Number of protein chains: 2
Amino acid sequence: MQVKPPKTSIRADNEAAILAAAESVFAEVGFKGATTSEIARRADVPKANLHYYFATKEDLYRIVLQRVLTVWLSAASSMDDNEEPEVALSRYIGMKMDLSRTMPLGSQIWASEIMRGAPMIKDFLETTLKEWVSDHEIVVQRWISDGKIYPVAPKALFFMIWATTQHYADFSTQIAAMNGGAPLSDEEFETARLQVIEMIVRSVVKPPAAPAKTL
Amino acid sequence: MQVKPPKTSIRADNEAAILAAAESVFAEVGFKGATTSEIARRADVPKANLHYYFATKEDLYRIVLQRVLTVWLSAASSMDDNEEPEVALSRYIGMKMDLSRTMPLGSQIWASEIMRGAPMIKDFLETTLKEWVSDHEIVVQRWISDGKIYPVAPKALFFMIWATTQHYADFSTQIAAMNGGAPLSDEEFETARLQVIEMIVRSVVKPPAAPAKTL
DNA sequence: GTCTATAATCGGATAGAC
DNA sequence: GTCTATCCGATTATAGAC
C-alpha cells in the first residue's frame, strides 16, 4: 500500500505549472479578481482543463495560501528568544527581508487576503499568529525589564518589522519606480536589507552604556 | 452662464453614495475584483443605474484613485524641510498615521493598485512621487552632513515611514485580530501613533550629544 | 487518467422607457 | 434628467468524450 502514489509526470507538471500561475495571478489581483482562465493561460494549459486538477478556484487559492502560512511560520521561528535583542532582532528582520526578496508573491497574497477582511485565514490570525505575538511580547517585555531596549509597545515593534520588511515585496512596483524604473539589483537589495536591520535595531535597542570618560 | 451648475439633490446624493460604496469595494477587492453590482448594492441604487452616473467601472475607479493621490500630496507637503529632523519627521509620520486612521480605504486602494503593477498611477509614481523622493533625499543628506542624523539611505527611511504608517490602514484586520478581535480604540491608536513616531525618530536621529561628565 | 465541448451564471454596459 | 429591461461577453464549473 503506497501512501503517496507517484504522480504521473503529466499531472505533476500540470499541477506545478497551475500552482505557480495561480500564485502570480492571486498576488496581482487577489482572490476575487483572479480568473481561472487567466491562471490557465499563464500555466499554458487549456482553460477548462484546470478544473480537472483543482476542482474550484477556492481550492486552488487555499492551497496557495497554505504555502504562504507555512513559510511565515518558518520565518517566525527564526526569532531566537535566548539571544541578545540585537542579535535576535537582526536575524528575524534579515530573514523577513530574505523572504520578501525570494517569495514576494506570497507576501502580496497575504496582504490581499488581509485587506479583504481575511475570510480564509481569520482562524490562523486569531490562533497561531496571536499566540506568536503573545509569546514574543513577553520576550520584549523581558528585554525592557533588563534595560536592554527602550520601553516600547511590543506590538508596535512587531508591526514595524512586518510592515517594513514586507513593503519590499508588496510595493516592489513603487520601489522600482523610485529606483529609475528597474527592480532593485541584488546589491541594492542587500544594502536595503542592512539599512532596514540597522534602523529597526536602533529604534529599540539601547546603545551600550558609554564608559564614563573619567572616574 | 453658470460654470458649475448646481446638481440636483438626487444626483448629488446618488453620486456621493456610489463613490463611497466604490471606495469601500475597491479597497477590499481591488479594481479587478470589484463588481459594479456590488458597488450599486452598497450604494443602494439599482445595479444598472450606476452606469448612468458613471459610464464605466474604470471611470469610477479613476475618480476614487484621484482623490487618494490628492490626499497623499497634501500629507507629503507636511514635511517641513526647514525644521530640525526630529520635528519634521515627527510631524510627517504623525500626519501619515492620522491619514491611516481617518482614510484607511484610500491607503488600501493605493496598495491594491501598486500590487497589480500600478497600471493607472505609473505616471504619478514616476513623476510626482519620484520628484518628492528626490527632493527630500537632499534634505536627509543635509541632515546627515550636518551630523544631525545617522548616515542612512534616505529611501530606506522613506519606505520605513510609508510602510509602518500605512500598515495601520492596510492591515487593520490583522491588527484587530492581535487586539482581541476589536479595532484599535482611539486611545490605543493614539498610543500606537506615538510609539511609531518615537521609534522611527530614534532609528535615525542622533541623540543630543551628552554633556561631558567632567572637563 | 486526461482533456474538451458546453451548460449555467454573472458581469459590464446600453438602448430606450418614464 | 432619471431609471429599468435587456443584451452580450466573460466566468466558473461540469458532463462526458477520448
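Quick caveat: nothing in here was measured; it's all calculated off a predicted structure. Letters A, B, ... are given to chains in the order of the sequence lines, protein chains preceding strands, and every chain is numbered from 1.
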Problem set entry | Interface residues of residues 21-38 of chain A with DNA chain D (non-hydrogen, below 4.0 angstrom) |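 Contacts with DNA chain D under 4.0 Å: A:A34, A:T35, A:T36, A:S37.
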Nearest 0.5 Å, please: how far is [atom2] in [Y] from [atom1] in [X]?
X      : Y      : atom1 : atom2 : result
B:L157 : A:T164 : CG    : OG1   : 10.0 Å
B:M115 : B:Q108 : CE    : CD    : 9.5 Å
B:I161 : B:Q166 : CD1   : CD    : 11.0 Å
B:R11  : B:Y53  : CZ    : OH    : 6.0 Å

Exercise. For the helix from C:dG1-D:dC18 to C:dC18-D:dG1, what angle lies between the axis at the first five pairs and the axis at the last five pairs, to 10 degrees?
Worked result: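 Roughly 0°, once rounded to the nearest ten degrees.
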For this session: Flag the pair A:E188 and B:K155 as a salt bridge only when some basic side-chain nitrogen lies within less than 4.0 angstrom of an acidic carboxylate oxygen.
Result: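 No salt bridge links A:E188 with B:K155.
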Problem set entry | Ionic contact status for A:E126 with A:K122, cut-off 4.0 Å |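 Looking at A:E126 together with A:K122, the answer is no, because their closest N to O distance does not fall below 4.0 Å.
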Problem set entry | Integer-rounded Å distance: C:dA15 P and B:Y52 OH |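 That distance rounds to 15 Å.
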Exercise. Please give, in whole Å, the distance from C:dA15 C1' to B:N49 CG?
Worked result: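 Going from B:N49 (CG) to C:dA15 (C1'), I get 15 Å.
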Exercise. Taking any atom under 4.0 angstrom from a heavy atom of chain B, which nucleotides of DNA chain D are the first and last to qualify, 5' to 3'?
Worked result: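 Both ends considered, the range comes out as D:dG1 to D:dA5.
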Problem set entry | Near-strand residues of residues 53-61 of chain A, defined as heavy-atom separation under 4.0 angstrom from DNA chain C |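 Close to the strand are A:Y53.
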Exercise. Who are the side chain to side chain donor-acceptor pair (under 3.5 Å) partners of B:E58, not counting sequence neighbours?
Worked result: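 Counting only residues at least two positions away or on another chain, B:E58 forms a side chain to side chain donor-acceptor pair (under 3.5 Å) with B:R62.
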Exercise. With B:Q195, which residues qualify under side chain to side chain donor-acceptor pair (under 3.5 Å), at least two apart?
Worked result: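 With neighbours one apart ignored, the set is empty.
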Exercise. Less than 6.0 Å separating the ring centroids of A:W132 and A:F158?
Worked result: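 Between A:W132 and A:F158, the centre distance is under 6.0 Å.
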Exercise. With ring centroids as reference points, do B:F124 and B:W72 lie under 6.0 angstrom apart?
Worked result: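 When the ring centroids of B:F124 and B:W72 are compared, they turn out to be within the sub-6.0 Å range.
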Exercise. Is there a donor-acceptor pair under 3.5 Å between the side chain of A:S107 and the backbone N or O of A:P104?
Worked result: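 Flag not set: sc A:S107 to bb A:P104 has no pair under 3.5 Å.
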Exercise. A:L69 and A:W110: side chain to side chain contact (heavy atoms under 4.5 Å, CB included), yes or no, with the steps?
Worked result: CA-CA 8 Å; A:L69 300 190; A:W110 176 292; 3.4 Å; yes
Problem set entry | Intermediate values then yes/no, side chain to side chain contact (heavy atoms under 4.5 Å, CB included), B:E190 and B:E187 | CA-CA 5 Å; B:E190 181 58 19; B:E187 291 73 22; 5.7 Å; no
